[in-house]
Amino acid sequence: MELNKAIDYASRKHDGQKRKLDETPYISHPFRVGMLLLQDGLEEDIVTAGLLHDVVEDTDGTLEEISQIFGEKVAQLVAYASEPDKSLSWHERKQHTIETIKNAPLEAKLVVCADKIDNLTSILEKEHEIGITIWDSFKAGKEKQKWYYSSIYNSLVHELNENEHPALFNRYKKMLETFV
């Protein structure tokens, strides 16, 4: 099964990595992203891309390798979710993502949306647990993070009528409303 292969691949690639917020094994994040997509009934390629969305950005994995193992469609979806140049400033990298997602295909937007939902869930839960010191963990403070997450939402819904918004987009919008 493709999903099992993706879980194994992502687990190997992210082996030893930890989440910066709580030091849990990093693989928990891409796994939760994949599960959000699976729970929404999305097709296997989209779920697979969710499981692999950080491989290129955070490991030695490449788009070529992903394409060979999982197919070109999955590799393209992962490319949309990846920051291409980690040497750029935080703002430049985030602005690139915002602009890239604005005109991305809906499938890519769904992967990015699930990623942001999981990231925002972790951040807000940790803020509730430990307070505002959570923002010391980020290169950009809370206001810049709010700008980024709100801008991503605007890119996700760019040129979509409100009645065309997938359930994940609506869930993300509700989360943003609690991000005060």
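In the displayed structure, K174 atom NZ is contacted under 6.0 Å by at most 12 heavy atoms of other residues, nucleotides or ligands.
For the pair E83 and R93, the salt-bridge criterion is met [side-chain N within less than 4.0 Å of a carboxylate O]. Of the charged side-chain nitrogens involved, at least one lies within less than 4.0 Å of a carboxylate oxygen, so that D118 and R19 count as a salt-bridged pair. In this structure, D22 does not pair ionically with K126, as no charged nitrogen and carboxylate oxygen lie closer than 4.0 Å.
Although no hydrogens or angles enter the test, the distance criterion places no donor-acceptor pair under 3.5 Å between the side chain of S150 and the main chain of W147. Under the 3.5 Å distance criterion, the side-chain polar atoms of S137 are matched with a main-chain donor or acceptor of I134. Side chain of Q17 to backbone of D58: a donor-acceptor contact under 3.5 angstrom is found. Side-chain atoms of E92 come within 3.5 Å of backbone N or O of S89 as a donor-acceptor pair. At distances below 3.5 Å, at least one donor-acceptor pair connects side-chain atoms of T59 with backbone N or O atoms of G61. Looking only at distances, no side-chain donor or acceptor of D40 sits under 3.5 Å from a matching main-chain atom of L42.
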Check against side-chain contact (heavy atoms from CB on, under 4.5 Å), D60 and V55: CA-CA 7 Å; D60 64 356; V55 166; over 6 Å; no

E65 and T62: CA distance, side-chain angles, deciding distance, side-chain contact (heavy atoms from CB on, under 4.5 Å) verdict: CA-CA 5 Å; E65 185 177 61; T62 65; 3.3 Å; yes

Audit row: Q95, E99, side chain to side chain donor-acceptor pair (under 3.5 Å) steps and yes/no: CA-CA 6 Å; Q95 190 63 50; E99 292 305 316; 3.2 Å; yes

From CA spacing to verdict: side chain to side chain donor-acceptor pair (under 3.5 Å), N119, D115: CA-CA 6 Å; N119 284 339; D115 173 34; 3.2 Å; yes

Side chain to side chain donor-acceptor pair (under 3.5 Å) assessment of E2 paired with T48: CA-CA 7 Å; E2 190 85 3; T48 299; 4.9 Å; no

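Residues passing the ring-ring contact (aromatic ring centres under 6.0 Å, His included) test with W135, sequence neighbours excluded: F138, F179. Scanning for side chain to side chain donor-acceptor pair (under 3.5 Å) contacts around E44 gives an empty result, with sequence neighbours left out. Every residue two or more places apart in sequence or in another chain that forms a side-chain contact (heavy atoms from CB on, under 4.5 Å) with F31 is listed here: I7, M35, L51. Every residue two or more places apart in sequence or in another chain was checked for a ring-ring contact (aromatic ring centres under 6.0 Å, His included) with F169, and none qualifies.
L110 places a side-chain heavy atom less than 4.5 Å from the side chain of P166. Contact check for K94 versus K144: no side-chain heavy atoms found under the 4.5 Å cut-off. By the 4.5 Å heavy-atom criterion applied to side chains, K142 and I132 are not counted as neighbours. Contact of the Y80 side chain with the T97 side chain is not registered, since no non-hydrogen atoms from C-beta on lie closer than 4.5 Å. With contacts defined as side-chain heavy-atom distances shorter than 4.5 Å, the pair R32/S122 qualifies.
Within the structure, no pair that satisfies the side chain to side chain donor-acceptor pair (under 3.5 Å) test touches residues 155-173, not counting sequence neighbours. The ring-ring contact (aromatic ring centres under 6.0 Å, His included) analysis of residues 51-76, with sequence neighbours excluded, yields the pairs Y9-F70, H29-H53.
Follow the hydrophobic side-chain contacts under 4.5 Å out from V112 and you never reach V56; the two are in separate clusters. Using a 4.5 Å cut-off between side-chain heavy atoms of Ile, Leu, Val, Met, Phe, Trp and Tyr, with links allowed through other members, V111 and I69 fall into different hydrophobic clusters. Cluster annotation: I27 is not connected to L3 through the hydrophobic network of ILVMFWY side chains, with a link wherever side-chain heavy atoms come within less than 4.5 Å. Grouping the Ile, Leu, Val, Met, Phe, Trp and Tyr side chains by contacts below 4.5 angstrom, directly or via other members, places V78 apart from L106.
A donor and an acceptor atom, one from each side chain of Y26 and D15, are nowhere located under 3.5 Å apart.
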